Student: 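This is the structure I have questions about; it appears just below.
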2 protein chains.
Amino acid sequence: MSRTKKRTGGVTMDHVAREAGVSLMTVSRVMNNVPGVKASTRDSVMRAVKALGYSPNAAARSLARNGAGRIGLLYSNPSAGYLSQFLVGALDGAQTSGALLVIEKCDPSLESEAAAIGRLIAGGVAGVILPAPHAESERAIAALRDAGVVAIAVGTGHARADAHGVRMDDFAAAAEMTRHLIELGHRRIGFIEGAVNQTASVERLKGFETEIRRADPPADCLVEPGGFNYRSGFEAAERLLSDDNPPTAIFASNDDMAAGALAAAHRRGLDVPGDLSVAGFDDTPLATAVWPELTTVRQPVARMAEAALRLALQESRDQSRRDSRAPIDQLLPHQLVVRASTGPVPHNS
Amino acid sequence: MSRTKKRTGGVTMDHVAREAGVSLMTVSRVMNNVPGVKASTRDSVMRAVKALGYSPNAAARSLARNGAGRIGLLYSNPSAGYLSQFLVGALDGAQTSGALLVIEKCDPSLESEAAAIGRLIAGGVAGVILPAPHAESERAIAALRDAGVVAIAVGTGHARADAHGVRMDDFAAAAEMTRHLIELGHRRIGFIEGAVNQTASVERLKGFETEIRRADPPADCLVEPGGFNYRSGFEAAERLLSDDNPPTAIFASNDDMAAGALAAAHRRGLDVPGDLSVAGFDDTPLATAVWPELTTVRQPVARMAEAALRLALQESRDQSRRDSRAPIDQLLPHQLVVRASTGPVPHNS
DNA sequence: GAAAATGATGTTAGCGCTATTAAAAAGTCC
DNA sequence: GGACTTTTTAATAGCGCTAACATCATTTTC
C-alpha cells in the first residue's frame, strides 16, 4: 500500500477507454451525455465504467472546463436544519455534476450581503445560488447580473422575472395541510405567519386562507405574525391560546415556530394532539426532534439545492454561448407528512 | 462582459510571476510556504499577489498534487445544528487549504457505515474525517487504515490510539458548567447523560461528578440516562422533576436534551430560571432558538472541522513519505456561555 | 584558487479531463 | 459508383498548478 504510485482512486478515463475499446474522448462524451455517440458504443462504455468503478475527477473536470463550473453559494442564517440539508444537497450535486462549490457566509445586513456577493464575483464564479432570504434580494440579483454571473433563487414564493428559480409550491402545500386539519374536524384554526419579507410566507398564508374559505361546514381562523424562529412561534401561540375562543389547531409556517407553539401548549398543560393539534412546515430535522413529532410538509430542500446547482451549471454554460433571457422556473414536489402532532378535534370544544 | 475569454477569476500564477519578476515556480513555493525562498523574493511575490488579488485555483492544485488533497467526510445524523456548523467549517477549511471535500452520508447501522467507507476509499480519498458517532467506530478506522487512508476522529472524549483526533476537553467543560451551577447556589443538580457509546458523553459525566464531589458546602446529584436527542431529554427531565426531592438545576449533556428539559419544565408550570435552571452543551443554533436562551458550553464545531481537514491533508501528505505512527491529538478551546436559562437557586427550596 | 557543498531560482513534464480540430466511416445523391 | 455530405471517432493542445530535476549563483573547504 505504501509504494503505490498514484493514490488518486486509480481508474481514469484512459482505463475506461481501453477497457471499452474506444478512444478517451468517446468516454468523455458518454460521461457528459453529449449527443452524437452511437447507442451501442455508449452502452459498452457504460459497461466499462461500471466494471471498473470509474468516477470522474471533479478537479480535472473543473480545470479543463476552464473554471466554468465554479458555483457560489451564499448563506446567512436560515434555520439550522435547513442549512445542513441545503448544503448536503448542493455538495452532492456538485460532486455528481463536477462543479466546484464556493460557499460564502454573510450577515443579514445589506452591506454584508453586497460584500459577500462581491467576494464571490471576484472569486470568479460562473453562477451563484441564493437560498431563502437572499433569493428575495433585488440588489444581490442585480449585482450578479451586472457581473454577468448567473443567479439562481431558491425557495421564493413565486417565479422571479430577473433570475432563474428552484422552488416548491408553497401555496398548494399550505392548502393541503389546511385541508388535513379541516378533515380532522378543526373549524377554528390558528395560523402563524413567517417573515413578511419572504414571498414564500405570503404564499403559505394565501394557501391557508383559500382553503379556510372553502371549508364546508365553514371554518374560521386567527392569523398571528411570526418570524420563522422558535421564539416568535412560542409568542404567537401564546397569543392564539389566550384568545377567548382559542383555536383547536395551530398551523405554523415553519417547524421552528411549530416547536415554539408546542412549548406554549405544554406550558399551559395542553396535550398535543389531544387538546390542540400543531402543524409545521418544511420537515427539518427539528420536526422529529420534538415531542410529539410534528405533522409537517416535506420541503425537498436537498433536492432543491441539487437542482439549483445543476441549473446554475447549465445556465452558466449556456449563457456564454448566447443570451437566452427567459428565466427558468423549476418546481419541485412536496409531500404532506402526517405524524403525531395532529389529531381529531377534541369533543368538548 | 460577454466576450471575456476566460471566466475563471482571471489572474493566475503566471500573472503573479510576471508582476513580481520571478518564475512561476517561485510563486508556487511562496504560496505553499515552502522553505528556501529568499525573504525579499517572498515579499515581492506577496506584494504582487495582493496587488492582483490572486487566489489559487483549488481544482488545479488538487489535480497537480495527483489527487492528494481529496478528503472524505462521513456523516450520519448528528443533531442538525451540529452538522451544518461542521460542514461549514470543513468547507471553509477545504477552500482555504485547497482540498477537495467528498461528503458521504450513511445510516447509523454498521453495514451502512462500512459501505460508505468503501465508497470513500474507492473514490480515492487520501483522508477521511469522522465526526461524532463514527469517530468511535473501530471498524471504520481499521478499514481506513487497511486501505492506507488517514483517519481523523473528531469529537471523541479522549485521544485515540489508532487515529489522529481533533476534540475539545469535554471533562473540563462539563466541570466548568457544574461549577457555574454550584456558584449560583445549586446543591441538588440533575444530570442528563448523552449516548453511552460515545466517549464524549462519559467525559462530560465524569467532569460533572468530579465537580459535584468537590463542592463546598457539599452538593448531590441525580443522573438520568439520555440519548442526545430532544425526546430523551424531555423524558429524563420528567423523571428528574417527579423525584420526591427534585433538583433545582438540570445540566443536560447537549442542547437538544436541554431543550427537552425546558419543555418538561414548562409543562409543569415551572419558570426557567426562576424555579429551575437548565444548562446545555455544544451551543448549537438550537440554544438560541429556544426560550429562554440556553446557558451552554460553546463547542468550536466549525473550527474543529476545519482543523480536522487541515490535519487530514497534512497527514495524508506526510504519510506517503514515511510512516510516522504517533497519532496527533489536537485539543481546541471551549467556552462557557452564560445566557438566560440559569440563575440563582430559588429561596424556598 | 579550484572543487565541492550549499543555496536560490528556473525548466520540464505531467495530474485527468474537455474543446477543438482533423480524420475516418457511413450514408446520399445524381 | 465516385464526389459530397453527414455522422462518428481519434488526436492534439491546453486548463492552473506542483513534483522532480536542472541550473546558476554563492559560499565554503582544503
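Per chain, numbering begins at 1; letters A, B, ... match sequence-line order. These numbers come from a predicted model, not from an experiment.
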Student: Figure out the NZ/C1' separation between B:Lys38 and C:dT9, and round it to whole Å.
Tutor: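 Distance, rounded to whole Å: 10 Å.
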Student: Would one find a side-chain N or O of B:Thr26 under 4.0 angstrom from OP1 or OP2 of C:dG10?
Tutor: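 It does, given that an N or O in the side chain of B:Thr26 lies less than 4.0 Å from OP1 or OP2 of C:dG10.
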Student: Distance check needed: C:dG16 P versus A:Met13 CE, whole Å only.
Tutor: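 Interatomic distance, CE of A:Met13 to P of C:dG16: 12 Å.
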Student: OP1 or OP2 of D:dT18 versus the side-chain N and O atoms of B:Ser28: is any pair under 4.0 Å?
Tutor: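 So the side chain of B:Ser28 is within the cut-off, an N or O lying under 4.0 Å from OP1 or OP2 of D:dT18.
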Student: At less than 4.0 Å, is any side-chain N or O atom of A:Thr41 found next to OP1 or OP2 of D:dT9? Yes or no.
Tutor: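 So the side-chain polar atoms of A:Thr41 do come within 4.0 Å of the phosphate oxygens OP1 or OP2 of D:dT9, strictly under.
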Student: Within the structure shown, what part of the strands sits under 4.0 Å from A:Asn32 by heavy-atom distance: base, sugar-phosphate, or nothing?
Tutor: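 It contacts sugar-phosphate atoms only.
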Student: Could you tell me how far apart B:His15 (NE2) and D:dC17 (P) are, to the nearest whole angstrom?
Tutor: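 Spelled out: NE2 on B:His15 to P on D:dC17 is 10 Å.
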Student: A:Asp14 has an atom CG; how far is it from atom P of C:dG16, in whole Å?
Tutor: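 A:Asp14 atom CG is separated from C:dG16 atom P by 9 Å.
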Student: Starting from P on C:dA19, measure out to CG on A:Leu24 and report it in whole angstrom.
Tutor: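 That distance rounds to 13 Å.
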Student: By the definition side chain to side chain donor-acceptor pair (under 3.5 Å), identify the one residue from B:His164, B:Arg167, B:Arg160 that meets it with B:Asp329.
Tutor: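 The residue from B:His164, B:Arg167, B:Arg160 that satisfies side chain to side chain donor-acceptor pair (under 3.5 Å) with B:Asp329 turns out to be B:Arg167.
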Student: Within this structure, what is the CZ-CE distance for the pair A:Arg303 and A:Met168, rounded to the nearest 0.5 Å?
Tutor: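 Answer rounded to 0.5 Å: 11.5 Å.
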Student: Find the distance between CE (B:Met304) and CD (B:Gln299) and round it off to the nearest 0.5 Å.
Tutor: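 One finds 4.5 Å between CE of B:Met304 and CD of B:Gln299.
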Student: Heavy atoms from C-beta onward define the side chain here; which of D:dT18, D:dA10, C:dT9 lies closest to that of B:Arg29?
Tutor: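 Nearest nucleotide to the side chain: C:dT9.
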Student: Quick one: CD1 on A:Ile117 to CG on A:Leu74, what's the gap to the nearest 0.5 Å?
Tutor: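 Going from the CD1 atom of A:Ile117 to the CG atom of A:Leu74 covers 5.0 Å.
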Student: Atom CG of B:Asn57 to atom C1' of D:dG16: distance rounded to whole Å?
Tutor: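 So the two atoms are 6 Å apart, to the nearest Å.
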Student: Could you state the interatomic distance from CG (A:Leu73) to CG (A:Leu309), rounded to the nearest 0.5 Å?
Tutor: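 Rounded to the nearest 0.5 Å, the CG-CG separation comes to 8.5 Å.
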Student: Rounded to the Å, how far apart are A:Met25 CE and C:dA23 P?
Tutor: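 That distance rounds to 17 Å.
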Student: Has B:Ser23 got a side-chain N or O lying under 4.0 Å from the OP1 or OP2 atom of C:dG10?
Tutor: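 True: B:Ser23 side-chain N/O within range (under 4.0 Å) of C:dG10 OP1/OP2.
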Student: For A:Val37 and for B:Val34, find the nucleotide of DNA chain D with the closest heavy atom, then tell me which residue's nucleotide is more 5'.
Tutor: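 Taking each residue's closest nucleotide, the earlier one in sequence belongs to A:Val37.
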Student: Please give, in whole Å, the distance from D:dC17 C1' to A:Arg61 CZ?
Tutor: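 Those two atoms, CZ and C1', are 20 Å apart.
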